[in-house]
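Worksheet for the structure shown next.
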Amino acid sequence: MNIKHLLTEKTLAAFQQLGLTDNVNAAVTQSTRPEFGDYQINGAMAAAKLLKTNPRQLAQQLLELLDIADMAESVEIAGPGFINVKLDKNWLASQLTTAATDSRLGVAVNPTPQTVVVDYSAPNLAKEMHVGHLRSTIIGDAVVRTLEFWGDTVIRQNHMGDWGTQFGMLIAHLEDKIAAGVDLETVALADLEDFYREAKKRFDDESGFADKSRDYVVKLQSGDAHCQKLWQMFIDTSIKHSNDVYQKLNVTLTNADIKPESAYNAMLQPIVAELVAKDIAVESQGALVVFLQELADKEGTPSPFIIQKTGGGFLYSTTDLAACQYRSHELAADRIIIFTDARQALHFNQVELVARKAGYLAERTAYDHCPFGTMMGEDGKPFKTRTGGTVKLAELLEEAVVRANAVLQDKVTDLSATEMAEIARKVGIGAVKYADLSKNRTSDYIFSWDAMLSFEGATAPYLQYAYTRVRSILRKAEVAADFHAEIVIGAEQEKLLAVKLLRFEETLQQVMKEAQPNLLCNYLYELASLYMTFYEACPILKEGVEPATRDSRLMLSIFSAKLLHKGLDLLGIEVMERM
RNA sequence: GCGCCCGUAGCUCAGCUGGAUAGAGCAACGGCCUUCUAAGCCGUGGGUCAUAGGUUCGAGUCCUAUCGGGCGCGCCA
């Protein structure tokens with residue numbers, strides 16, 4: 001059920017009857033104010049401009065041809081040519097009654113399933129995951145879940161950093177730890193951040209260590225068995241740390257989704273050779289470079305894109321080109337979505353240009369780099385990762401659960417300690433995720449413990465609480481799993497809730513198109529808020545409520561609970577029966 | 001120097017391909033629990049949408065300039 005889509009089709013049909021088929025835009029939107037109805041059709045004004053006619057007159061003609069008598073209670077022309085549509089309560093009720101019992105919650109079956117490759121999370125395995133990895137990980141996961149629910153074939157790609165120059169120093173350090181007989185699991189690699197710091201310190205201070213490190217990188221990348229073995233030990237441990245975080249975060253990534261940088265190793269040399277052979281790349285100051293005229297500055301100086309360093313080493317640019325080829329051709333992607341920090345915007349812009357020139361990206365493959373802002377400290381200045389300012393993701397999540405537990409302790413409940421711990425976990429993690437997912441900002445954002453761990457207002461706990469309130473009623477009413485009744489819409493609070501309930505698919509479409517889960521966050525908050533209002537205003541199980549009214553309201557409650565559950569699930573946020 | 005992103009209420013942010021009187025939450029203030037769960041509900045106050053021009057029936061949204069913040073720009077990723 002997609003009311004906006006339905007109204008758009010009806011409007012376009014009416015336009016067609018008026019002889020307008022090209023360049024017409026129905027411009028259907030949700031009404032901005034209650035007195036303008038539920039939806040407004042704004043297309044008449046732009047069309048009138050094209051035809052050089054009076055917009056109100058055109059709107060009138062359109063209105064007469066508009067076949068929406070069954071769904072609209074009233075249709076009115078207002079202002080310069082707006083068409084305001086107020087939906088009919090009976091129509092809404094009947095649509096809802098159908099949707100409420102649908103296994104897809106009223107969301108249509110995807111008519112054109114696509115293969116979508118989603119590149120997200122991508123931590124650097126040299127270090128532990130920190131708060132900077134949160135956005136990519138959970139936004140990507142929410143988009144993935146939404147695409148899968150819609151019916152696309154999603155291929156997750158965790159482009160982990162496992163091949164950089166730091167690994168020489170890390171494995172050299174590891175080698176010494178092993179020689180000293182230190183237990184790797186519980187001591188040496190228990191804290192990757194400490195391990196990295198130790199190795200870096202030796203690299204800077206200890207004579208001979210830096211040379212050994214550089215030597216080990218070369219050996220590693222040329223396939224030396226000893227170095228490979230050490231490297232593998234380190235990588236395995238680091239991946240385990242990531243998996244712990246994913247599990248805590250309720251993120252769907254698994255080892256099967258890992259396609260690290262090293263996996264593209266064999267493709268790099270042939271790609272460089274091909275780019276040179278095609279005259280796309282040229283030698284410049286000892287390196288191989290692609291000069292992009294498309295990104296030239298005002299003087300016409302092209303933008304350089306280095307694909308091979310002086311001395312033959314490859315860079316992440318080369319790896320990303322290989323990833324394009326693999327994803328577009330081998331995985332047959334219709335669309336590639338990459339979630340990274342905005343600082344890489346130029347890089348991905350260049351990657352796409354080069355990949356298109358060389359055919360690594362097929363024409364049919366859309367390439368969407370979805371950037372987000374750099375993280376700042378609470379003072380508004382860039383978050384320093386080197387000066388001890390790093391907040392480990394695992395620590396943030398632990399803190400969230402501790403704080404949620406503290407809030408829970410203040411409540412008088414009859415919940416067991418086990419239930420309380422489970423609720424604190426879901427509330428704490430949910431709060432962290434919602435705080436981040438609900439923001440659209442492509443600009444920089446400020447990391448704040450308090451904002452991240454807030455449990456009041458538009459937060460995950462609010463949505464979880466709304467869910468438990470509904471569930472509580474349904475438990476009390478002892479409704480059967482297959483409970484069914486006809487929905488009747490009377491009170492204004494019911495009408496507003498009904499319209500919102502029928503906007504789920506509309507919301508999901510937008511989330512997928514823009515790769516912006518914050519739209520789903522907004523929707524769910526509004527849904528929960530409208531349910532709360534309905535809950536306060538419309539008694540269900542109280543004395544004096546007519547059976548038919550009670551059953552209708554129970555149906556509204558059941559469907560609200562299902563949508564809240566599903567919506568939060570798509571965000572990767574868990575719900576509970578009680579809190 | 002050049003380029004990209006951004007500037008909306010005291011704070012954090014919404015604002016769907018340009019639409020009508022710019023919306024939430026937090027904070028402040030005032031109401032609502034002999035309870036269908038008060039992590040809630042209802043209400044009040046709070047704005048030159050950075051600034052100045054321009055495009056048009058209409059601009060927070062598009063264009064230009066300026067100011068302010070962040071980031072990027074040949075061998076890290």
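Letters A, B, ... mirror the listed sequences (proteins, then strands); counts begin at 1.
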Please determine whether a side-chain nitrogen or oxygen atom of R33(A) lies at a distance below 4.0 Å from atom OP1 or OP2 of G23(B).
yes

Taking atom P in both G19(B) and C62(B), what distance in whole Å separates the two?
11 Å

Determine the Euclidean distance between corresponding C1' atoms of G46(B) and G25(B); express it in Å to zero decimal places.
14 Å

By centroid distance (under 5.5 Å) and plane angle (under 30°), are F305(A) and G74(B) in a stacked arrangement?
no

Once you apply a heavy-atom cut-off of 4.0 Å, does Q308(A) come out as touching a base, just sugar-phosphate, or nothing?
nothing

Which listed nucleotide (G19(B), G40(B), A20(B)) is nearest to the side chain of A78(A)?
A20(B)

Chi-angle category of C33(B) [syn within 90° of 0, anti beyond]
syn

Less than 4.5 Å apart, any side-chain heavy atom of V217(A) and any of L220(A)?
no

For Q60(A), the side-chain hydrogen bond (donor to acceptor under 3.5 Å, both in side chains) test, sequence neighbours excluded, returns E64(A)

NA contact type, I306(A), heavy-atom cut-off 4.0 Å: base, sugar-phosphate, or nothing?
base

Heavy atoms under 4.0 Å, any strand shown: does D450(A) hit a base, just sugar-phosphate, or nothing?
nothing

So which nucleotide from A14(B), A38(B), G74(B) ends up closest to the side chain of V289(A)?
G74(B)

Any R469(A) side-chain N or O less than 4.0 Å from OP1/OP2 of A39(B)
no

Can you list everything that forms a side-chain hydrogen bond (donor to acceptor under 3.5 Å, both in side chains) with H369(A)? Sequence neighbours excluded, please.
T340(A)

Closest-nucleotide ordering on RNA chain B, the 5'-leading residue of G164(A) and P461(A):
P461(A)

Spacing between L408(A) atom CG and U37(B) atom C1', to the nearest angstrom:
13 Å

Summarise how protein sits on nucleotides 5-13 of chain B as a single string, 5' to 3': B when a protein heavy atom is under 4.0 Å from the base, S for sugar-phosphate-only contact, - for no contact.
SSSB---SS

Of all the choices, C75(B), C73(B), U21(B), which nucleotide is nearest to the side chain of Q285(A) once you look at every atom?
C75(B)

Of all residues at least two apart in sequence or in a different chain, which pass the side-chain hydrogen bond (donor to acceptor under 3.5 Å, both in side chains) check with S416(A)?
E419(A)

Presence of salt bridge, R475(A) and E577(A), under 4.0 angstrom:
yes

Side chain of Q40(A): nearest nucleotide among G19(B), C76(B), C71(B)?
G19(B)

Criterion ring-ring contact (aromatic ring centres under 6.0 Å, His included) on F534(A) and Y531(A), from CA distance to verdict:
CA-CA 5 Å; F534(A) 159 80; Y531(A) 185 81; 5.4 Å; yes

Is the side chain of R403(A) donor-acceptor paired with the backbone N or O of L453(A) at a distance under 3.5 Å, no angle test?
no

Assess whether side-chain contact (heavy atoms from CB on, under 4.5 Å) is satisfied between Y525(A) and S438(A), documenting all intermediate values.
CA-CA 10 Å; Y525(A) 176 73; S438(A) 59; over 6 Å; no

What integer distance in Å separates E526(A):CD from G23(B):C1'?
10 Å

Dot-bracket line, read 5' to 3' along RNA chain B, where crossing pairs take [ ] and | marks a partner on another strand, Watson-Crick or G-U under 3.5 Å
(((((((..((((.....[...)))).(((((.......))))).....(((((..]....))))))))))))....

M376(A) has its side chain closest, among G19(B), A39(B), G70(B), to G70(B)

Tell me the salt bridge (charged side-chain N to carboxylate O under 4.0 Å, His left out) pairs involving residues 512-522 of chain A, sequence neighbours left out?
none

Along nucleotides 25-36 of chain B, 5' to 3', which nucleotides get a B, which get an S, and which get a -, given that the test is a protein heavy-atom distance under 4.0 Å?
S-S--------B

Give a yes or no on whether H347(A) atom NE2 has more than 12 heavy-atom contacts from other residues, nucleotides or ligands under 6.0 Å away.
yes

Only pairs under 3.5 Å count here: list side-chain donor-acceptor contacts from residues 540-548 of chain A, not counting sequence neighbours, and write none if there are none.
none

If we take the C1' atom in both U55(B) and U64(B), what is their distance in whole Å?
11 Å

Members of residues 315-322 of chain A that approach RNA chain B, where some heavy atom sits under 4.0 Å away
L315(A), Y316(A)

Determine whether a donor-acceptor pair (one donor, one acceptor, N or O, separation below 3.5 Å) exists between the side chain of T310(A) and the base of C75(B).
yes

Show, in sequence, the C-alpha distance, side-chain angles and deciding distance for R553(A) and E494(A), and conclude whether the salt bridge (Lys or Arg N to Asp or Glu O under 4.0 Å) test is met.
CA-CA 8 Å; R553(A) 290 177 177 170; E494(A) 292 176 298; 3.1 Å; yes

Can you list everything that forms a side-chain hydrogen bond (donor to acceptor under 3.5 Å, both in side chains) with D204(A)? Sequence neighbours excluded, please.
K200(A)

Once you apply a heavy-atom cut-off of 4.0 Å, does Q509(A) come out as touching a base, just sugar-phosphate, or nothing?
nothing

Interatomic distance at C1', C26(B) relative to U21(B), whole Å:
25 Å

Ring centres within less than 5.5 Å and planes less than 30° apart: is that true of F82(A) and A20(B) in this structure?
yes

If the P atom of G45(B) is compared with that of C2(B), how far apart are they to the nearest Å?
48 Å

Which residues pass the salt bridge (charged side-chain N to carboxylate O under 4.0 Å, His left out) test with E506(A), sequence neighbours left out?
none

Should K411(A) be listed as having a side-chain N or O under 4.0 Å from OP1 or OP2 of U37(B)?
no

Please report the distance separating the C1' of U17(B) from the corresponding atom of U12(B), rounded so that it comes out in whole Å.
28 Å

If you compare every side-chain N and O of T32(A) against the phosphate oxygens of A20(B) (OP1, OP2), does one of them come in below 4.0 Å?
yes

Flag the pair H133(A) / Y120(A) as yes when their ring centroid distance falls below 6.0 Å, and as no otherwise.
no

Comparing R475(A) and T533(A) on RNA chain B - which has the more 5′ nearest nucleotide
R475(A)

Starting at CG of L346(A) and ending at P of C2(B), how long is that distance when rounded to a whole Å?
16 Å

How would you label the contact of L295(A) with the nucleic acid (heavy atoms, under 4.0 Å): base, sugar-phosphate, or nothing?
nothing

Which part of the nucleic acid, if any, lies within reach of N25(A) when heavy atoms closer than 4.0 Å are counted: base, sugar-phosphate only, or nothing?
base

Flag yes if more than 12 heavy atoms outside E478(A) fall under 6.0 Å of its CD atom; otherwise flag no.
no

P gap between G68(B) and G23(B), integer Å:
32 Å

Rounded to whole Å, please give me the gap between OH in Y434(A) and C1' in A14(B).
10 Å

Under 3.5 Å, is there any donor-acceptor pair linking the side chain of R578(A) to the base of U37(B)?
no

Counterpart residues, salt bridge (charged side-chain N to carboxylate O under 4.0 Å, His left out), relative to K86(A) (two or more places apart):
E73(A)

What integer number of Å spans the C1' atoms of U48(B) and C29(B)?
27 Å

